[in-house]
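One structure is given here, and the rest of the page talks about it.
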Amino acid sequence: MSSDVWDAAQAERYDRDSAFMYTPEVLDPAVRFLADAADGGAALEFAIGTGRVAIPLIEQGVEVSGIELSAHMVDQLHRKRPEVPTVVGDMASSRVTGEFSLVYLVWNSLGNLRTQAEQVECFRNAARHLAPGGRFVVELWVPGIRRFPPGQAAVPFHVGSHHTGFDTYDLSTQQGASHHYRHRPDGTVTYGVSHFRYVWPAECDLMAQLAGLSLERRSADWLGTAFTGDSENHVSVWRKPPDRHTG
């Protein structure tokens with residue numbers, strides 16, 4: 001696979017470095033949205049990581065399984081919830097036993113697959129796991145390239161007291177890299193980079209169509225804010241056709 005893989009050290013500090021994504025104002029709307037989308041059925045999280053979303057979703061009564069490329073991230077998840085069924089493998093081809101009413105992929109993780117072919121297979125893999133009428137939910141950013149002035153190759157995505165990050169883009173290949181500078185309590189500054197392929201909402205819709213899914217709705221966030229041409233993120237829901245022989 002083309003994806004970066006978290007090593008043991010990265011996995012160990014993942015929750016700490018991502019603490020801002022665990023705040024109630026960020027996490028609670030996502031969990032409510034996904035619990036509603038599951039509609040009483042089981043859910044499968046692609047790139048489940050350390051369980052940031054899966055664990056509170058389980059606490060809402062949803063049965064959650066996962067697929068995760070990094071065994072070290074799964075180790076961190078199972079330190080918290082050893083009972084969560086998780087397959088170590090890539091989300092484009094790995095299989096989990098059973099059918100699900102919801103498959104979901106959050107916090108821009110679709111971009112971790114760095115080829116179009118792998119992203120297409122991710123949608124197909126979601127469709128394979130879905131029961132008839134089930135939903136595939138993706139949270140993804142809208143590439144910020146329209147903010148580029150002439151000659152610029154990077155845009156900031158976060159500037160804070162402990163972290164500064166910016167993305168660089170290759171517009172000819174849809175490849176990019178996220179550069180992270182973190183200020184540690186001991187005064188040191190660390191640098192890390194992760195790689196991605198950016199994808200537009202319309203391209204996602206085509207990938208869904210190739211997988212036999214159709215767009216049900218799209219919003220700018222988990223709260224249901226209307227998606228517009230100025231939106232910097234989207235939460236999109238595609239649905240598998242219901243079984244014509246039932247209901």
Side-chain angles (χ1 to χ4, degrees), residues 1-6 30 33-35 37-39 41-55 57-58 62-74 77-78 84-141 174-175 194-218 234-243:
M1 295 300 296
S2 63
S3 302
D4 296 337
V5 183
W6 296 107
F33 187 107
L34 293 168
D39 197 22
L44 172 62
E45 181 171 358
F46 286 176
I48 193 171
T50 66
R52 179 183 69 92
V53 173
I55 291 173
L57 194 56
I58 291 168
V62 180
E63 180 183 341
V64 180
S65 300
I67 295 174
E68 169 58 47
L69 188 60
S70 169
H72 301 292
M73 295 286 274
V74 177
L77 165 65
H78 283 164
V84 179
T86 306
V87 170
V88 177
D90 71 86
M91 57 189 171
S93 62
S94 297
R95 296 298 304 272
V96 175
T97 302
E99 278 190 329
F100 300 86
S101 63
L102 171 68
V103 178
Y104 65 95
L105 180 57
V106 299
W107 200 15
N108 304 325
S109 295
L110 179 63
N112 293 349
L113 298 169
R114 295 171 58 201
T115 71
Q116 186 182 65
E118 288 171 350
Q119 291 176 344
V120 168
E121 287 305 311
C122 180
F123 275 78
R124 287 178 171 150
N125 200 30
R128 283 193 291 268
H129 283 93
L130 286 173
R135 295 178 173 93
F136 183 35
V137 177
V138 173
E139 177 192 23
L140 196 61
W141 88 112
Q174 291 184 221
Q175 296 295 312
S194 57
H195 301 89
F196 59 85
R197 179 185 187 268
Y198 66 84
V199 53
W200 301 98
E203 190 179 2
C204 289
D205 290 341
L206 181 56
M207 293 179 183
Q209 181 181 338
L210 293 173
L213 308 175
S214 58
L215 182 67
E216 183 176 64
R217 55 182 162 139
R218 172 171 291 133
H234 65 100
V235 175
S236 297
V237 183
W238 297 274
R239 198 156 191 184
K240 188 172 183 176
D243 190 335

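Values below: all heavy atoms of this structure, side chains included; hydrogens, waters and symmetry mates excluded.
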Grab the two heavy atoms, one from [X] and one from [Y], that are nearest each other, plus how far apart they are.
X: Trp6; Y: Ser70; value: O-OG, 2.8 Å
X: Val96; Y: Gly66; value: CG2-O, 4.1 Å
X: Ala127; Y: Ala211; value: CB-O, 3.4 Å
X: Leu102; Y: Ala37; value: CD1-CB, 4.0 Å
X: Glu99; Y: Ala131; value: OE1-CB, 3.8 Å
X: Cys122; Y: Leu113; value: CB-CD1, 3.5 Å

Do [X] and [Y] have side-chain heavy atoms sitting under 4.5 Å apart?
X: Met91; Y: Glu118; answer: no
X: Asn125; Y: Ser93; answer: no
X: Leu213; Y: Leu130; answer: yes

For Leu140, which residues count as a side-chain contact (heavy atoms from CB on, under 4.5 Å) partner, sequence neighbours excluded? Asn108, Leu110, Val138, Val199, Cys204, His234
Partners meeting side-chain contact (heavy atoms from CB on, under 4.5 Å) with Ser214 (sequence neighbours left out): none
Enter the distance from [X]:[atom1] to [Y]:[atom2] here, rounded to the nearest 0.5 Å.
X: Asp90; Y: Asn112; atom1: CG; atom2: CG; result: 12.0 Å
X: Ser2; Y: Gln175; atom1: OG; atom2: CD; result: 7.5 Å
X: Leu77; Y: Glu68; atom1: CG; atom2: CD; result: 8.5 Å

So which pairs with a foot in residues 195-205 pass side chain to side chain donor-acceptor pair (under 3.5 Å), sequence neighbours left out? Asp4-His195, Gln116-Glu203, Gln119-Arg197, Gln174-Glu203, Arg197-Glu203, Asp205-Arg218, Asp205-Trp238
Val84 backbone acceptor or donor facing His78 side chain under 3.5 Å: yes
What pairs with Glu121 under salt bridge (Lys or Arg N to Asp or Glu O under 4.0 Å), at least two apart in sequence or on another chain? Arg124
Indicate every side-chain donor-acceptor pair of residues 41-55 with a distance under 3.5 Å to a residue at least two apart or in another chain.
{"unit_1": "Glu45", "atom_1": "OE1", "unit_2": "Tyr104", "atom_2": "OH", "d": "2.7"}
{"unit_1": "Thr50", "atom_1": "OG1", "unit_2": "Asp15", "atom_2": "OD1", "d": "2.6"}
{"unit_1": "Thr50", "atom_1": "OG1", "unit_2": "Tyr22", "atom_2": "OH", "d": "3.2"}
{"unit_1": "Arg52", "atom_1": "NH1", "unit_2": "Met21", "atom_2": "O", "d": "3.0"}

Can you tell me if CD on Glu63 sees more than 12 non-hydrogen neighbours from other groups inside 6.0 Å? no
Checking Glu216 now: which residues fulfil side-chain hydrogen bond (donor to acceptor under 3.5 Å, both in side chains) with it, not counting sequence neighbours? Arg135, Arg239
